[in-house]
Amino acid sequence: MPAHVVVGMQWGDEGKGRVADLLAQDADIVARFAGGDNAGHTVQVGDESFKLHLIPSGVLHQDVVCVLGNGMVINPLKLVEELRVLESRGVDISPDRIRIAENAHIITPIHTALDSAKENQRGAGAIGTTRRGIGPAYMDKVGRMGLRAGLMRDIDRFAEAVKERIVIGNRILTTLYGSIAVDGEAMADELANAAQFLSAYIADTPLLLHRALEDGKRVLCEGAQGTLLDIDHGHYPYVTSSSPTVGGAITGLGIAPKYIDRVTGVAKAYSTRVGSGPFPTELEGDLGNKLRGTGENPWDEYGTTTGRPRRCGWLDTVVLRYAARINGLTDIVLTKLDILSGFEEVSVADSYMCQGELMHEVPGDHLMMARCEPVYETLRGWDDAISDIQQLDDLPGAARDYIDHVQGLVNRPICMVTVGPSRHQFIRVF
Ligand code: GDP
Ligand code: IMO
Ligand code: MG
């Protein structure tokens, strides 16, 4: 099984990081292909919780090589910080096991400043971005004015390029948005220090991956964000600026499609979304609050990256079928089933009612999606805690019915169900 792609099926935060960590046991390389430090992937190993933003979850497996692919946008300051934290916690961060694509793009403080300024200007129409500079960095990339990671090999040229970029960005920042200018000199120095450290990590990763795949090595492609946040396939403009779907794995790593023989979708047993945009099954009031949790538990629904409360609602299988189609999923991991324990009834949306019309597909237009009312099927809930269960047959009957029902509606096999954040808290179905 050479390349195995893992993607989020909803709006991000489905538990991709913990799933990638589990699957990394069978991988030689784990490669991130999209996004930047807008992602927050939580992996719990024993009592320790790791929050990864840029580095693939495979880093917690000593024998795995990690790749930050060319489809990513990388903030060098954040990457150095993340590497240092991992190092302080005993993780091997040597450059022979972490490789950064020379053709990945760089996020600088001007990108983060522009992201925030644009969001402030949008006011009530804000996208609710993570303000990590993601959109502006991808704008520079497609505008053919971006800075690429390979430039960090030549510190002087890199520092010059950063200064130039900040000068141009400051004009927009001050005149268009009325914001305070970024200090180009200071930032170029700081980034040059980071580049000095990171230069040893830069590599021709498409070549590295190609050679590994040809040698029969197993590559796990770790998705970030989710299908409904895809720049093309999500509800534009309430999306991120990259391609978190399967096509993004091919361009974002520079590997040929012929190597991909498995595409696993990760779906939370209910739905969440951070930021603005349509969300038909969103629940306000007691049910939504119960799904979100109070914030006492690390897995409660508050953003890993920004700490924002996540919007919560019932599972939407119209969305899951869409993700299955767009990504050509071979199988699904259903996460956080334990969170549904204690609900008298659980609901699943299987279609929408939109302006008097019954719809079984996700509409492409965000205004149309915002008008969709979910049509629910209601199933009986279960009371028992399930976090220690390791066999499907030991689950309460109602929980098994829920899994079967979702599998039937999405028409893709569920290969694994997770029942807690720790490495051992999962049920393998096949
Ligand atoms: P990602 O961005 O898709 O990797 O997901 P996040 O890490 O942002 O959010 C998932 C959260 O749920 C994290 O806090 C995980 O530790 C936690 N989590 C993952 N799987 C489970 C599970 O099966 N049960 C519970 N209770 N928490 C889980
Ligand atoms: P992981 O990998 C959840 C959302 C933001 C916002 C929109 C655009 O942890 O699942 P951006 O900063 O990318 O321009 O914001 O996308 N978003 C995420 N939501 N999980 C993520 O990553 C996300 N990455 C971006 O909240 O709505
Ligand atoms: Mg996350």
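As the structure is a prediction and not an experimental result, all values here were calculated from the model. Read the numbers this way: they start at 1 and go in the same order the structure lists the ligands and their atoms. Throughout, numbering of the chain's residues begins at 1 and tracks the sequence. Side chains are part of it too, since the values below use all heavy atoms of this structure and drop only hydrogens, waters and symmetry mates.
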Counting from 1 in the order shown, the ligand 1 atoms closer than 4.0 Å to a non-hydrogen atom of H41 are 1 (P), 2 (O), 4 (O), 7 (O)
| task | Measure the shortest side-chain to side-chain distance between Q390 and H424 over non-hydrogen atoms and say whether it is less than 4.5 angstrom. | result | yes
Q. Between the side chains of H111 and D140, does any donor sit under 3.5 Å from an acceptor?
A. yes
- Measure from the Mg ion (ligand 3) to each N, O or S atom of K16 and report whether any distance is below 2.8 Å. no
Min heavy-atom dist R310 to ligand 1 below 4.0 Å: yes
Checklist entry - Strictly under 4.0 Å, does any heavy atom of E14 approach an atom of ligand 1? => result yes
the protein heavy atom lying closest to atom 12 (O) of ligand 2 turns out to be T130 OG1, 2.5 Å
Yes or no on side chain to side chain donor-acceptor pair (under 3.5 Å) for T130 and T306, after CA distance, side-chain angles and deciding distance?
CA-CA 7 Å; T130 57; T306 58; over 6 Å; no
With respect to G40, determine whether any N or O atom, backbone or side chain, lies less than 3.5 Å from an N or O atom of ligand 2. yes
Under 4.0 Å between heavy atoms, the region of K16 that gets near ligand 2 turns out to be side chain
Any side-chain heavy-atom pair from V219 and Y259 closer than 4.5 angstrom?
no
Next on the checklist: What I want to find out is whether R32 reaches E222 closely enough, with some N-O distance under 4.0 Å, to be called a salt bridge.
Outcome noted: no
Taking the Mg ion (ligand 3) as the apex, O on G40 and OD1 on D13 give an angle, to 10°, of 160°
(message) side-chain contact (heavy atoms from CB on, under 4.5 Å) for L340 and W382? Distances and angles first, verdict last.
(response) CA-CA 8 Å; L340 293 184; W382 62 93; 3.7 Å; yes
Under 4.0 Å from one or more heavy atoms of W11, ligand 2 contributes atoms 3 (C), 19 (N)
among protein heavy atoms, the one nearest atom 6 (P) of ligand 1 is G40 O, 3.5 Å
- Message: Does this structure show an ion pair linking R325 with E361, if we count only N-O contacts that are shorter than 4.0 Å?
- Response: yes
shortest atom 19 (C) of ligand 1-to-protein heavy-atom contact is with R18 CG, 3.5 Å
(message) If the contact criterion is a heavy-atom separation under 4.0 Å, does G420 count as touching ligand 1?
(response) yes
Of all protein heavy atoms, the one nearest atom 26 (N) of ligand 1 is D338 OD2, 2.7 Å
G12: heavy atom below 4.0 Å from ligand 1, yes or no? no
Heteroatom distance test (N38, ligand 2): nitrogen or oxygen, under 3.5 angstrom: yes
Per-atom filter on ligand 1: closer than 4.0 angstrom to a heavy atom of V419 are 23 (O), 24 (N)
for atom 27 (O) of ligand 2, nearest protein heavy atom and its distance come out as V274 O, 3.1 Å
Self-check item: Side chain proximity check, C221 to L253, heavy atoms < 4.5 angstrom
Solution: yes
Numbered in order shown, the ligand 1 atoms found under 4.0 Å of a heavy atom of K16 are 1 (P), 2 (O), 3 (O), 4 (O)
protein heavy-atom neighbour closest to atom 23 (C) of ligand 2 works out as Q225 CG, 3.7 Å
re atom 28 (C) of ligand 1, the protein heavy-atom contact at minimum distance is K336 CG, 3.6 Å
Distance-only N or O hit between ligand 1 and I339, under 3.5 Å:
no
A student checking ligand 2 against A39 at a 4.0 Å heavy-atom cut-off should list atoms 1 (P), 2 (O), 9 (O), 22 (O)
With heavy atoms and a 4.0 Å threshold, my read on which part of Y238 contacts ligand 2 is neither
### Message
With no hydrogens and no angle check, just 3.5 Å: does a side-chain donor-acceptor pair link T129 and R131?
### Response
no
R89 vs E48, test: salt bridge (Lys or Arg N to Asp or Glu O under 4.0 Å). Steps then yes/no. CA-CA 10 Å; R89 298 178 71 180; E48 286 206 73; 2.8 Å; yes
If you scan protein heavy atoms around atom 4 (O) of ligand 1, the nearest is G17 N, 2.8 Å
query = Should the pair R423-D21 be classified as a salt bridge under the 4.0 Å nitrogen-to-oxygen rule?
reply = yes
task: For N327 and T227, test the side chains for any donor-to-acceptor distance below 3.5 angstrom and give the result as yes or no.
output: yes
among protein heavy atoms, the one nearest atom 13 (O) of ligand 2 is T240 OG1, 2.6 Å
the protein heavy atom lying closest to atom 15 (O) of ligand 2 turns out to be T129 CA, 3.3 Å
Between the CG atom in D230 and the OG atom in S242, the distance rounded to the nearest 0.5 Å is 7.0 Å
*E301-Y270 side chain donor-acceptor pair, cut-off 3.5 Å*: yes
Looking only at protein heavy atoms, what sits closest to atom 16 (O) of ligand 2 is L229 CD2, 3.7 Å
So the atoms of ligand 1 within less than 4.0 Å of a heavy atom of P298 turn out to be 14 (O)
Atom 3 (C) of ligand 2 sits nearest the protein heavy atom D13 OD2, 3.2 Å
of all protein heavy atoms, closest to atom 27 (N) of ligand 1 is W299 CB, 3.3 Å
Short version for V239: what comes under 4.0 Å of ligand 2, heavy atoms counted, is backbone
Below 4.0 angstrom, N of the basic side chain to O of the carboxylate: do R84 and E81 qualify?
no
Notebook entry, point to check: Between G15 and ligand 1, is there a nitrogen or oxygen pair with a distance under 3.5 Å?
Noted result: yes
* To do: Establish, from distance only, whether the side-chain atoms of D316 and Y352 form a donor-acceptor pair under 3.5 Å.
  => yes
- ligand 1 and L337, any nitrogen or oxygen pair closer than 3.5 angstrom? no
re atom 15 (C) of ligand 1, the protein heavy-atom contact at minimum distance is T42 CB, 4.0 Å
Quick note on ligand 2: atoms under 4.0 Å from a heavy atom of A224 include exactly 2 (O)
Heavy atom of G128 under 4.0 Å from ligand 2?
yes
From the list Q225, R132, H53, side-chain hydrogen bond (donor to acceptor under 3.5 Å, both in side chains) with N38 holds only for Q225
Only residue of T330, D261, T264 satisfying side-chain hydrogen bond (donor to acceptor under 3.5 Å, both in side chains) with H4 is T264
Atom 26 (O) of ligand 2: closest protein heavy atom, distance to 0.1 Å, is R308 NH2, 3.0 Å
Should D37 and K78 count as an ion pair when the cut-off is N to O under 4.0 Å? no
Next on the checklist: So for R132, does at least one of its heavy atoms come nearer than 4.0 angstrom to any atom of ligand 2?
Outcome noted: no
**Asked** Does a side-chain N-to-carboxylate-O contact under 4.0 Å join D26 and R218?
**Response** no
Atom 10 (C) of ligand 1 sits nearest the protein heavy atom D13 O, 3.9 Å
